[in-house]
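The structure under discussion appears below in the form of structure tokens.
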Amino acid sequence: MADWERAFRDLLAHRGAALRAYGYLLTGEASAAADLLQDALLRVFSRLRVGDDIPALESYVRQAMLHRYVDGRRRAGLWRAKRHLLVQPVVQDDDPGLAGAVRQALTTLSPRQRACVVLRYYEDLTVPQIAERLACAEGTVKRHLADARTKLAAQLAVPEETIK
């Protein structure tokens, strides 16, 4: 077995569920999360040199997932602007309960806002770490987080100060 195959199997065995959950939080759909993870794994493991350090590989895969998600959302926005010319919109039923309400509220955020929220509250990263991951200024991250908190508080009918 090649070194990359061993690293690939170890990564999925030890961190596969966490990577799928990360993808789900970004996309909001299990199938889209699986596709996002698969694309990221392909991108990371198609490189000639892949080490066997699982935490480093996981970090590379998460970074690839984040970039794929943001880029994909940008392209999807362009498609949504033109899609009405070709097909009828699909009506989706919302999930009941608080989890469904939170998932629905997350879909209204911009891709950058959603990425910042996931990195801050799911990954528990600091603002400087988020800025580094997204390759933007700390002030930009703070602005995205503040805008997202305002939007989420209004949609979930909770006081903004309770969303930390």
Side-chain angles (χ1 to χ4, degrees), residues 1-87 89-90 92-95 99-100 102-138 140-141 143-145 147-148 152:
M1 181 181 326
D3 289 339
W4 71 268
E5 289 180 272
R6 188 175 300 111
F8 182 81
R9 289 176 195 265
D10 288 347
L11 175 66
L12 289 181
H14 293 86
R15 301 301 300 158
L19 289 169
R20 281 189 298 277
Y22 181 65
Y24 182 80
L25 286 172
L26 287 173
T27 63
E29 298 176 7
S31 62
D35 290 343
L36 184 65
L37 176 57
Q38 183 176 352
D39 288 346
L41 288 169
L42 180 63
R43 185 176 186 116
V44 170
F45 281 91
S46 66
R47 305 286 187 243
L48 292 178
R49 293 187 203 180
V50 175
D52 59 355
D53 181 25
I54 298 300
L57 284 173
E58 180 183 7
S59 177
Y60 291 139
V61 171
R62 284 178 185 263
Q63 189 71 13
M65 290 173 75
L66 182 62
H67 287 290
R68 286 281 189 194
Y69 168 72
V70 171
D71 291 345
R73 290 292 299 224
R74 190 177 304 121
R75 276 189 237 107
L78 293 172
W79 166 246
R80 276 193 303 276
K82 294 172 177 71
R83 181 176 62 185
H84 70 281
L85 301 171
L86 302 172
V87 295
V90 177
Q92 296 178 349
D93 294 331
D94 294 336
D95 293 336
V102 170
R103 278 195 293 275
Q104 179 61 34
L106 284 172
T107 64
T108 65
L109 300 177
S110 74
R112 289 281 179 161
Q113 288 173 347
R114 187 169 178 158
C116 286
V117 167
V118 169
L119 291 172
R120 178 72 183 110
Y121 298 105
Y122 179 71
E123 289 288 313
D124 200 27
L125 297 180
T126 63
V127 170
Q129 290 170 326
I130 296 169
E132 182 180 330
R133 284 251 184 116
L134 294 176
C136 64
E138 290 181 28
T140 304
V141 171
R143 179 79 263 151
H144 286 313
L145 287 171
D147 291 346
L152 291 173

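This is a predicted model, so every value here is computed, not measured.
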Residues, nucleotides or ligands: over 12 heavy atoms within 6.0 Å of Q38 CD: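 No, CD of Q38 has 12 or fewer neighbouring heavy atoms, counting only those of other groups under 6.0 Å.
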Say you draw a straight line from [atom1] of [X] to [atom2] of [Y]; how long is it, rounded to the nearest 0.5 Å?
{"X": "Q129", "Y": "E123", "atom1": "CD", "atom2": "CD", "result": "10.0 Å"}
{"X": "L106", "Y": "L25", "atom1": "CG", "atom2": "CG", "result": "8.0 Å"}
{"X": "L145", "Y": "Q113", "atom1": "CG", "atom2": "CD", "result": "9.0 Å"}
{"X": "L125", "Y": "L119", "atom1": "CG", "atom2": "CG", "result": "5.5 Å"}
{"X": "L12", "Y": "L41", "atom1": "CG", "atom2": "CG", "result": "5.5 Å"}

Pairing residues for H14 by the side-chain hydrogen bond (donor to acceptor under 3.5 Å, both in side chains) criterion, not counting sequence neighbours: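 Listed in chain order: nothing, the list is empty.
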Under the side-chain hydrogen bond (donor to acceptor under 3.5 Å, both in side chains) test, residues paired with E132 that sit two or more places apart: none
Does the side chain of [Y] come within less than 4.5 Å of [X]'s, by heavy atoms?
{"X": "V44", "Y": "L11", "result": "no"}
{"X": "R114", "Y": "T107", "result": "yes"}
{"X": "R68", "Y": "R43", "result": "yes"}
{"X": "L134", "Y": "T140", "result": "no"}
{"X": "L66", "Y": "V118", "result": "no"}
{"X": "V61", "Y": "L37", "result": "yes"}

Minimum heavy-atom separation for [X] and [Y], please, with both atom names.
{"X": "H67", "Y": "R133", "answer": "NE2-O, 3.9 Å"}
{"X": "G23", "Y": "A33", "answer": "C-CB, 3.3 Å"}
{"X": "A105", "Y": "T108", "answer": "O-OG1, 2.6 Å"}
{"X": "Y69", "Y": "L36", "answer": "N-CD1, 3.7 Å"}

Salt bridge R143-D147, side-chain N to carboxylate O under 4.0 Å: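 Yes, this pair counts.
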Sequence neighbours excluded - salt bridge (Lys or Arg N to Asp or Glu O under 4.0 Å) pairs with any residue from residues 13-26: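 For residues 13-26, and leaving out neighbouring residues, the salt bridge (Lys or Arg N to Asp or Glu O under 4.0 Å) pairs sorted by first residue read R15-E58.
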Geometric class of the F45/F8 ring pair [parallel <30°, tilted 30-60°, perpendicular >60°]: perpendicular
